[in-house]
**Student:** 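Before we start, here is the structure in question, set down as structure tokens.
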Amino acid sequence: MSDTGVTVKKSEDFSEWYTEVILKSELADYAPVKGCMIIREDAYAMWEKIQEIFNKKIRATGHRNVYFPMFIPEGFLKKESEHFAGFVPEVAWITQGGDTPLEEKLAVRPTSETIMYATFAKWIRSWRDLPVKINQWCNIVRWETKATKLFLRTREFLWQEGHTAHATSEEAEKEVMDILQEYKDVMESYLAIPVLIGVKSDSEKFAGAHYTTALEAMMPDGKALQMGTSHNLGQNFAHVFDIKFIGEDEKEHYVWQTSWGITTRLIGAVVMVHGDDKGLVLPPKVAPVQVVIVPIPYKGADSTAITAKAKETAAKLKAKNLSVVVDDREEYTPGWKFNQWELKGVPVRIEIGPRDLKQQQVTVARRDTYQKTTVKEDEAADAVEKLLEEIQSNLYNRAKKALDEKITPVQNYSEFADALKEKGGFIKASWCGNPECESKIKDETGATIRVLPFQQESIAANCVYCGQQAKKTVYFARSY
RNA sequence: GGGGCCGUCGUCUAGCAUGGAUUAGGAUACAUGCCUGGGGCGCAUGCGAUCCUGGGUUCAAAUCCCAGCGGCCCCA
């Protein structure tokens, strides 16, 4: 028995399944340094797709890409004390260059607010210089000491960080929400992962932010995953870094700022949410290979005709801008190839054998449902294109259903505990707004407030923990 | 933050309890040749191991002890 396939069932040992799928589908590999990973071809290709999608969105709204250095002088980080306190436990420091100790140690960026904003102070003079809307794609380092997990928590990861400065609070506020919506679209329309959006509680907000908005998804094991954040920084950093401009009113003002990011963690979410016992199941819109064609050459059959037909079909699909691979390797049997491409999550497989040739058809198999049908040869390209759309929406609908099933409204703390114990997921509950209740709940159950949804609806009059007058309806969950 | 498990050819592993004799064995992968082909084909031959690293115990260590490195899981 071969062990090249996935040996663990997703429903039986989720963690093990996750690791195994990633390694065997060759998305990633471990690096020699603890908590670091190698992002392999297919995963990187997905990251590039995400970059393409998001770049297009932010360019359309006037943002431009830049690159700042990865070394940040300690003094910069220390300027905003809350920010520094939030990040210092996991900053990697450079203290020596060659043989020479550095006079001031350098942080390997855990995020770039400080180095960017020191520069903003130089760039911004007048209201005419605003808004500043920049973004960078880069790596960052957060020296995790706790458990690391492929894609979800590694010491180094890739992300994009957008940073903006505006003349007014309203404008910054709008930016935060616009970006949040763009993120939501990336996740739902492209990654096929539904998310809950809202504001973070103070204890969970970004260190140094005025407030943080976030997008939260639900994983099949009942744990929430933060998919992205968009922060309203208010004027905190502006004051610290002295980012001022002369307004139209001829007076001096501090800028209003935002920052926002998504990371390679999204790839881990795709694996978790859509994958199955055979391996990855990739949403067509971000799949590096959308269609694989496997010729079935029988002994005695006209294998040149079969291969020719496979290539011809591939050409038709490519003409529709689809990414297609013809797997004409002779050293593997068709059955072996089916399994391998399923492991890699390719959404659609086309089989072309003597039978198809004779009947001028192709056999089409979809990854999400394993359904196999035959399609007339000249209709194949259109049919596949349509099928890919169908798979994309099927994956989203499946995930949406799973999310909805994992949201439990509760009236009191015993219901809260039961729901969390039984199925995990999001617990929708009323909260008085006191951080102490939040913190006690965390200590007792491991669940934290993931978001305070924008659309508030009252589900109970009293706080789920202390019984005092409730102020907010929030989603709790255990999280990654 | 706390607890537990693990590390042997590229990969999965046997051997470890009770130290010595398996030449560290097998499967898979890889290479070559044949045979096959609509769900991980078959046969033959071949290649492939610092038993994670360092130290200790011992006449003798993959096996026991300690430390380090790396991985996994669970709990809060």
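So that the names make sense, note that chain A is the first sequence line, chain B the second, and so on, each numbered from 1.
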**Student:** Using atom P in both nucleotides, what's the gap between B/A21 and B/C51 to the nearest angstrom?
**Tutor:** 15 Å
**Student:** Rounding to a whole Å, what distance do you find between A/Trp341:CH2 and B/G40:C1'?
**Tutor:** 15 Å
**Student:** Expressed in angstrom and rounded to an integer, what is the separation of A/Lys344 atom NZ from B/G40 atom C1'?
**Tutor:** 16 Å
**Student:** Atom CG of A/Leu23 to atom C1' of B/G10: distance rounded to whole Å?
**Tutor:** 14 Å
**Student:** If you check every side-chain atom of A/Tyr332, which of B/G40, B/C30, B/G39 has the closest atom?
**Tutor:** B/C30
**Student:** If you measure from the P atom in B/A24 to the same atom in B/G48, how many Å do you get, rounded?
**Tutor:** 15 Å
**Student:** Does B/C51 pair with anything, Watson-Crick or G-U wobble, both distances under 3.5 Å, and if so, with which nucleotide?
**Tutor:** none
**Student:** When you compare B/U8 with B/G70, how far apart are their C1' atoms, in angstrom units rounded to a whole number?
**Tutor:** 16 Å
**Student:** Do any N or O atoms from the side chain of A/Lys309 and from the backbone of A/Gly353 form a donor-acceptor pair under 3.5 angstrom?
**Tutor:** no
**Student:** What is the pairing partner of B/U22, taking Watson-Crick or G-U wobble pairs with both distances under 3.5 Å in any strand?
**Tutor:** none
**Student:** Round to a whole Å and report the spacing from CZ of A/Arg367 to P of B/G39.
**Tutor:** 17 Å
**Student:** Could you tell me which nucleotide pairs with B/A62 by Watson-Crick or G-U wobble geometry, both distances under 3.5 Å, or answer none if nothing does?
**Tutor:** none
**Student:** Relative to A/Phe76, does A/Lys79 satisfy both conditions: NZ or CZ under 6.0 angstrom from the six-membered ring centre, and within 45 degrees of the ring's axis?
**Tutor:** yes
**Student:** Does NZ or CZ of A/Arg349 lie under 6.0 Å from the centre of the six-membered ring of A/Trp341, at an angle within 45° of the ring axis?
**Tutor:** no
**Student:** Paired with B/G38: which nucleotide, if any, by Watson-Crick or G-U wobble criteria at under 3.5 Å for both distances?
**Tutor:** none
**Student:** Can you check the A/Arg329 CZ to B/A29 P distance for me, whole Å?
**Tutor:** 13 Å
**Student:** Take atom CD of A/Glu330 and atom C1' of B/C34, then tell me their distance rounded to the nearest Å.
**Tutor:** 15 Å
**Student:** Tabulated below should be each protein N or O lying under 3.5 Å from an N or O of nucleotides 70-76 of chain B; please produce it.
**Tutor:**
{"from": "B/G70", "atom 1": "OP1", "to": "A/Lys34", "atom 2": "N", "distance (Å)": "3.3"}
{"from": "B/G71", "atom 1": "OP1", "to": "A/Gly35", "atom 2": "N", "distance (Å)": "2.8"}
{"from": "B/G71", "atom 1": "O3'", "to": "A/Tyr30", "atom 2": "OH", "distance (Å)": "3.1"}
{"from": "B/C72", "atom 1": "OP1", "to": "A/Tyr30", "atom 2": "OH", "distance (Å)": "2.4"}
{"from": "B/C73", "atom 1": "OP1", "to": "A/Ser15", "atom 2": "OG", "distance (Å)": "3.3"}
{"from": "B/C73", "atom 1": "OP1", "to": "A/Lys149", "atom 2": "NZ", "distance (Å)": "3.0"}
{"from": "B/A76", "atom 1": "O3'", "to": "A/Asp443", "atom 2": "O", "distance (Å)": "2.1"}

**Student:** Under 3.5 Å, side chain of A/Arg367 to main-chain N/O of A/Leu280, donor-acceptor pair present?
**Tutor:** yes
**Student:** Return the CD1 to OG1 distance between A/Ile293 and A/Thr307, rounded to the nearest 0.5 Å.
**Tutor:** 11.5 Å
**Student:** Does the ring of A/Tyr332 carry A/Lys337 above it, NZ/CZ under 6.0 angstrom from centre and within 45° of its axis?
**Tutor:** no
**Student:** Could you give the distance separating B/C35 and B/U18 at their C1' atoms, to the nearest angstrom?
**Tutor:** 49 Å
**Student:** Does CD in A/Glu330 sit with more than 12 non-hydrogen atoms of other residues, nucleotides or ligands closer than 6.0 Å?
**Tutor:** no
**Student:** Given the C1' atoms of B/G56 and B/C30, what is the spacing between them in whole Å?
**Tutor:** 40 Å
**Student:** In whole Å, measure the gap between the C1' atoms of B/C72 and B/G55 for me.
**Tutor:** 26 Å
**Student:** With a 3.5 Å cut-off and heavy atoms only, can you find an N or O donor on one side and an acceptor on the other between the side chain of A/Gln340 and the base of B/G40?
**Tutor:** no
**Student:** In whole Å, what separates the P atom of B/U63 from that of B/G19?
**Tutor:** 12 Å
**Student:** Establish, yes or no, whether the cationic atom of A/Lys472 lies under 6.0 Å from the six-membered ring centre of A/Trp431 and within 45° of the ring axis.
**Tutor:** no
**Student:** So, does A/Thr213 use its side chain to make a donor-acceptor pair with the main chain of A/Ser230 at under 3.5 Å?
**Tutor:** yes
**Student:** Could you grab the distance from atom CD1 of A/Ile427 to atom NZ of A/Lys406, nearest 0.5 Å is fine?
**Tutor:** 11.5 Å
**Student:** Which base, if any, makes a Watson-Crick or G-U wobble pair with B/A44, both distances under 3.5 Å?
**Tutor:** B/U32
**Student:** Please report the distance separating the C1' of B/G37 from the corresponding atom of B/U22, rounded so that it comes out in whole Å.
**Tutor:** 39 Å
**Student:** Kindly write out the residues that satisfy ring-ring contact (aromatic ring centres under 6.0 Å, His included) with A/Tyr211, not counting sequence neighbours, or none if the list is empty.
**Tutor:** none
**Student:** Which atoms of nucleotides 41-51 of chain B (N or O only) lie under 3.5 Å from a protein N or O atom, and what are those distances?
**Tutor:**
{"from": "B/C41", "atom 1": "OP2", "to": "A/Thr333", "atom 2": "OG1", "distance (Å)": "2.4"}

**Student:** Roughly, in whole Å, what's the span from CD in A/Glu26 to P in B/U11?
**Tutor:** 13 Å
**Student:** If I take atom NZ in residue A/Lys24 and atom C1' in nucleotide B/A29, what distance separates them, rounded to the nearest angstrom?
**Tutor:** 12 Å
